[in-house]
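To start, the structure under review is shown below, and the notes come after it.
Counting from 1, the numbers follow the sequence of the chain as shown.
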Amino acid sequence: MRSLLLLLLLVAGLATPALGGPAPWYWWFSRDAPNRICWQTSPGDGWVREPQPFRDARCRDRL
């Protein structure tokens, strides 16, 4: 009975990181052209990220 309780506590402890939220979105500005996109990760070389994060994929709701 005691080992079952320890096993359940271990499983509950391992499941805690699964409660994380989604990654923030950022405006990315091109260095070479007057383009900008709303993206979660860097689109590649030549793009500069705005420091303010957003909640949504449209980059409208700031965190």
Side-chain angles (χ1 to χ4, degrees):
M1 184 69 165
R2 187 176 190 160
S3 61
L4 179 62
L5 179 62
L6 289 175
L7 179 63
L8 289 175
L9 287 174
L10 177 66
V11 170
L14 293 175
T16 303
L19 301 175
W25 294 81
Y26 295 95
W27 276 118
W28 292 86
F29 297 93
S30 174
R31 291 183 188 157
D32 301 330
N35 299 333
R36 73 178 189 167
I37 59 172
C38 185
W39 211 276
Q40 286 182 318
T41 59
S42 174
D45 293 337
W47 291 87
V48 179
R49 186 182 82 183
E50 180 183 292
Q52 180 65 40
F54 293 87
R55 284 191 171 100
D56 62 334
R58 294 183 188 178
C59 287
R60 292 187 181 175
D61 296 331
R62 292 190 185 268
L63 285 175

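When all heavy atoms of A57 and C38 are compared, the closest pair comes out as O-SG, 3.4 Å.
Distance check: S30 OG to R36 CZ gives 13.0 Å after rounding to the nearest 0.5 Å. Between the CG atom in L10 and the OG atom in S3 there is a gap of 12.0 Å [rounded to 0.5 Å]. Expressed to the nearest 0.5 Å, how far CE of M1 lies from CG of L4 amounts to 6.5 Å.
By the criterion of side-chain heavy atoms lying less than 4.5 angstrom apart, applied directly or through intervening Ile, Leu, Val, Met, Phe, Trp or Tyr residues, W27 is grouped together with W25 in one hydrophobic cluster. W39 and W47 fall within a single hydrophobic cluster, where Ile, Leu, Val, Met, Phe, Trp and Tyr side chains are chained together by heavy-atom contacts under 4.5 Å.
Checked against side-chain contact (heavy atoms from CB on, under 4.5 Å), S42 has the following partners two or more places apart in sequence or in another chain: W28. Every residue meeting the side-chain contact (heavy atoms from CB on, under 4.5 Å) condition with R31, not counting sequence neighbours, appears here in chain and number order: V48. The side-chain contact (heavy atoms from CB on, under 4.5 Å) check on A23 picks up Q40, with sequence neighbours excluded.
Applying the salt bridge (charged side-chain N to carboxylate O under 4.0 Å, His left out) test to residues at least two apart or on different chains, the pairs with a partner in residues 45-56 are E50-R62.
Using a 4.5 Å heavy-atom threshold, the side chains of I37 and F29 count as separate.
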